[in-house]
Structures are given as C-alpha cells and as structure tokens.
Amino acid sequence: MENINPEAYQESKLYRIRHSTAHVMAAAVLEKFPEAKIAIGPPIEHGFYYDFDLPRPLTQEDLEELEARMKEMLKETREFDYEEISPAEAQELFADQPYKLELIRDILERGTDEYGEKSDSPPQLSIYKSGDFVDLCRGPHVETTKEINPKAVKLLNVAGAYWRGDSERPMLQRIYGTAWRKPKELRQYLAWLEEVKQRDHRRLIRELDLLSFHEDAGPGLAYWHPRGALMRKTIEDFWRDQHLEGGYDFAYTPHIGKAWLWEKSGHLAYYKDSMYAPMDVDGQDYYIKPMNCPFHIMIYNSQLRSYRELPLRWAELGTVYRYEKSGVLHGLMRVRGFTQDDAHIICTPEQIEAEVLRVLRFSLAMLRAFGFEDFQAYLSTRPGDAIGEPARWDQAQESLRRAIDAEGLDYQVDVGGGAFYGPKIDLHIKDALGRSWQLTTIQFDFNLPERFDMTYVGEDGAEHRPYVVHRALLGSIERFFGILVEHYAGAFPIWLCPEQARLIPIADRHIEYAKAVEEQLQQAGLRAQTDASSSRMGAKIREAQLMKVPYMLIVGDREAEDETVSVRLRSEENLGAMTVEDFIVRAQEAIQTRAVQ
RNA sequence: GCCGACGUAGCUCAAUCGGCGGAGCAUCCGCCUUGUAAGCGGAGGGUUGUGGGUUCGAUUCCCACCGUCGGCUCCA
C-alpha cells in the first residue's frame, strides 16, 4: 500500500472518485429503501463509507445487490452538479431527512462543515446532484460517473456506527466500500486485505503454538505457551539489558494495593470504570493495579530525596489489569491483563530537556533493534482542562518538541490533545504492510507529584516538586508481541525465534547423529531441536516450514559421514552442506546482529 | 457497552424441509526407513458454546446468557 499524506489525498482524484462513489452507493440504497434516512458518507483511507438509518438490518445479499445496482448506475453517465443553496431551500429539499436537517442547522449555527468540523469559510450550504440523488455536500466530486471505473469498485461490509460518533445517539448502519482508479489497484487492495488476514496474529499465535486465549477461563487474558514464553523471555532479557546500559534502575511492585492509593492518585475518581472491583482483605478494600505509577511513587516517597540523586529512572515490566468493555477486546492488541514496559523518570526542571531527549533516543534504538525503521511522532499539547502550572507545561512541551527536532523525526502536533495532567509524545511505527501502530508513549505528569506531594530538597535547602515522566517504549508486551507477529508474518528474526534450528534426520539411523549435532548447537547457545518423528523427510521439512523455523538442518548418510549439516532456510533457499562449526558461526552472526532474514 | 453476523471433534469445514452428527488435517497404534513442503493402513475423538422453551422428536425453530468476528463508542 502506498502511503500518501492526508493533504495530498484530499486533493487527489482518488479522493473525489471515492466521495462520488459514496454518493452513488447512497443513491442505490435510497432506490432500494425509499424510506431510508441518510447521514454522512466521506472518503476514508482505503475507500469510503456511508451511514444510513434503514428499516431493517442489511445482509450480505443486500450488499451484493447494491453493488450490482451501483455498477449499473456507474455505466450510465451521470454528472455531479454543484449548487449553492439558501438555508430555506436546503430545509425544503431535505425536509424528510432529519440527519441532514441537523447538519444544516449545525453548518449555519456553529459554522462547522458537514462532518462536524470547524470550517474557516463563512457558512454556505451546497449540494451535489447526480441523477435523482441529491446530497448536502461541499464536495469535491468527479465531473461525471465516466471517471469512475465500475470494475474498480467494491462494497466490503456493514457495521454499526453511532450518529455523529455519539454513543448516546441512534445506531446507524454503515456500509464500507472501496474504490480505485483502475481494476488492477482494486485487485492489489483486495490482495493486501488477504495478506492482512493471513498475517492476523490471532491465527498465527495458534498456528505457531505461541499463545492462546480461553473464553471459559476469562476473555482478554493471554496464555503464553512455551514457545511464546521463550520469545517473551528473549524480548524481556534484551529489554532489561538495554535498560541497565541505558542508565535505568529496576523496581518490582505489588499487583494490588489499598483503596486509598487509588483515591489519592485520582484513579478511583476518573478511571474507576476501567478498574476491576475491589477485593476485601481483612476488611480493607484492595484494588488490582491498572497502572504502576502510584507504586513507584511509594518507593520515591519512602525517603527524603535530594537533588543530588536525581534524575531517577525506574523501570518495571509491570503487569496491570484493566476492565476493557467486552466489545473492544481484540486478540493481543486489546486485552484485560497485560505487562507494560513501564518506567518513571523523576528529575529536576534543569534536567528535563536532557532526559526527554535521552528517553526518545533510547526508544528509537529499542524499536530499531526489533526491526522497525519508519517512525512518526505525535506531540500532544495542553488541553483546556489542564492542571499544573502553565510555565511547566510550556517547558515540558518545548523539551518534547526539541527532542523530536534533534532526532529529525517527522511529527504532527495534536494541539490540545494532551491529557489533562501533561503533554506527551507518542511514537508510531509502520509495519511491513504499511500499517501504523502506536508503541512508545512519553508522558509528563503534573498531577501525581502534587497528589502524592513528591518533593526533593534542592541546592537551596528548600523543598521542590520534581518532574515526573511516564514512559512505555513497547507499550504492552502482549500488544507489541502481536505487532511483531503481524510485521514478520511469524517469520521472526533469528534472535527472537523460539526454535532457531531444527535437525531433520532422513531415516531413523540418522537420529543419533542429529542428536549429537543438536547437543553441539545447544552448547553453542543455539535453540535447536531434533525431529525424531517417524515422518518422512519431506513431511518434516514441511512441518518446520510451517513453524517458520529459520534453519532446517538435514542430516543423512553423507552428513553423518562428513560431520556436516545440509542447511535449508525457511525462505526455501538451499545452502547445501557445511560443517557444523561453519553453521554455528553463521547462525551466531545472524543472532548477534539481530538480522532480519 | 451499542449495532450486526457467527458459535458442530484440537484445527478447517459438511450434515436436505425439524428425523440415528460426518470428512480432511492433527492425535494414538502399526507398517514403511525415506535426500529438500504432506508415504500407507487402522483406531480413538462430540451433552453440536451454556441454560431454558416449542415439538413425538431440535445441530436445525424461539428466548436468555456466554464468547468470537466486523465496526462504533471508549482507551484519565
């Protein structure tokens, strides 16, 4: 998938094609359901949608019928005619379209556009007509349906969507479709969707025997099987080593704490819906932690702190539990129990700039080690309901901005998008399929230091309030793992593979030699196993291929005689025979460089 | 949480109109002893997600619940 920036997209012909195709779809829906109420239908990243209030739920068959009708409509030449109209005309025209009337009201009264976003231009109502279909719309559209290739259009699925994205308002039916310039582009997009499906971590974690979920034991709770657990250990060991080198200290904190902690932190006031119900311990309410911060603060406050010991950088792979609503759980990407690669940086105002740059660099190095190269940064600044001194906000935001500049990252500013307690940087990576995932978050907190009265004694002998920065680089281990699975389609870099090499004896008489080589490889620190099953060699190779084992080492009479292994890669490349020593050197090199094969 | 679809063996899927639940793969047991992606034969495996209801009879129809999937909302 090509990636184009949002501004260029909105200017593009493709954008107009999709917008116009959405109108044609709405025309087909209105033809089939004359009583339908239409809402909005914008182009989106890979297509378009349109929301409808319909007399009955749509079926897959309806979708096919609508698509067929759209294609007929597209074969007729219809012009998309723009017209500016007065409020009275608009109200007349859309008299039986309550959603449109609401939009008209908003455009006139609030100066927003038809998607509810602030518009710079003075309120002006406009419509587009094509055939019998008229829609309140500012455009832009194609000139005529001739510009839309019916063979490059497809309706994809139906889903529920709240009117204006508001869960208090009616649930509409949203039809998603896609449209491209050429049929070939549509085919490529459909192939891409198929690739997305093939790489779905929910399928791969089962097929590769890495993790499972158990609906009967609790949804949204991940079970790490031995192969997955070995990968997780490898990730965590690397993470710890890096943190040690990176100037962090470690903390381990409890999984539960008394209610006052969460009252004091404000979580019970603002976050209770996402917390599990308390448990009674000796008549006291204890909550399972949804975050690690209050515990790290307990450590900080366990003694008087001097400016001389700052900055403190305390890292913890902290497992937290959050009650996520049932409809939002999604494999490893959204779970109810997960381990954050958390850390808190506690420092003086003088140190903050250097600390922010340091943590940003650290994060980029960490993500690069896992094979991610394409980063975008998002800076979220002070919202309206912020707490904390404006001067501190300014300093924090500036330090974040300068760090991004220093690293030369592309970034966007989400003005007012910060949490009420502090500004933040989020880092997104692009995966092998061009999809964007948020991983790192570097987040100031002006709230907790106040609430827990965190202080340090400064050079002047007076008490000062430290800066606190929360940060998670990988985010959650579970989610990061899911992203790795999809990014590599299960064919992980060798250093991460649970099984790095598989010995494949051709006949039973070669098992003894295979086991000897296995032992030799294990001595050299390689994760190797012998397939001693009664299957034929072809079946063993197939099995190892499906498990995406990077090295298949075939051993038969020749290899046993020469003390070699015949090396096959999961790429299907056959390297031929080499001595066991040569193979070990080769594999260790790939592991040490964290090579992406 | 909301809208819709779905839930049959470990996995992928069958089962006419409501009439004794099957197949492939996987597993186990044999045989075969193999040269770069599936050798052959046999066996075991199910309260059809759970609980109600309708019916002489329910995988099939109805209701509730649980879960999964596609979205929406949410993600201080």
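Chain letters run A, B, ... following the sequence lines, proteins first, then strands; residues in each count from 1.
- Where A:Asn447 and A:Leu172 meet RNA chain B, the nucleotide closest to each residue was compared, and A:Leu172 sits on the side nearer the 5' end.
- For the segment residues 316-327 of chain A, the set of residues with a heavy atom within less than 4.0 Å of an atom of RNA chain B comprises A:Tyr323, A:Lys325, A:Ser326, A:Gly327, in numerical order.
- Look at OH on A:Tyr271: it is 15 Å from P on B:rC74, rounded to the nearest Å.
- When Watson-Crick and G-U wobble pairs are counted only if both distances are under 3.5 Å, B:rG30 pairs with B:rC40.
- Remark: the separation of the C1' atoms in B:rC61 and B:rU48 is 16 Å, to the nearest Å.
- Residue A:Leu63 contributes atom CG, which lies 13 Å from atom C1' of B:rG71 at whole-angstrom precision.
- For the OP1/OP2 pair of B:rC75 and a distance below 4.0 Å, the side-chain nitrogens and oxygens of A:Tyr270 include no atom meeting the criterion.
- Under the 3.5 Å distance criterion, with hydrogens and angles disregarded, a donor-acceptor pair is assigned to the side chains of A:His201 and A:Glu486.
- If you check every strand for non-hydrogen atoms under 4.0 Å, A:Gln60 touches nothing.
- Within the 4.0 angstrom heavy-atom criterion, base atoms lie near A:Ser566.
- Whole-Å rounding puts the A:Asp531 CG to B:rU36 P distance at 16 Å.
- Across every strand in view, B:rC20 sits unpaired, with no contact that passes the Watson-Crick or G-U test at under 3.5 angstrom.
- Taking atom CE of residue A:Met333 and atom P of nucleotide B:rU68, one finds them 16 Å apart after rounding to whole Å.
- In this structure, the CD atom of A:Glu215 is 4 Å from the C1' atom of B:rG67, given to the nearest Å.
- Put simply, the residue from A:His296, A:Glu316, A:Arg471 that forms a side-chain hydrogen bond (donor to acceptor under 3.5 Å, both in side chains) with A:His344 is A:His296.
- One N or O donor and one acceptor, one from the side chain of A:Glu559 and one from the base of B:rG35, sit under 3.5 Å apart.
- Distances shown here put every side-chain N or O of A:Arg536 at or beyond 4.0 Å from the OP1 or OP2 atom of B:rU36.
- Atom CG of A:Leu210 and atom P of B:rC11 are 16 Å apart (whole Å).
- Remark: the A:Arg334 side chain and the B:rC74 base include a donor-acceptor N/O pair separated by less than 3.5 Å.
- Contact annotation for A:Ala419: no contact, since no heavy-atom pair falls under 4.0 Å across all strands.
- Close to B:rC11, at under 4.0 Å from its OP1 or OP2, lies no side-chain N or O of A:Arg203.
- When the side-chain nitrogen and oxygen atoms of A:His214 are compared with OP1 and OP2 of B:rG67, none of them lie within a distance under 4.0 Å.
- Note on A:Arg202: a side-chain N or O is less than 4.0 Å away from OP1 or OP2 of B:rG70.
- Residue-level contact check: A:Arg206 touches the backbone only, with heavy atoms under 4.0 Å from sugar-phosphate atoms and none from bases.
- A:Leu58 places its CG atom 14 Å from the C1' atom of B:rG71, with the value rounded to the nearest Å.
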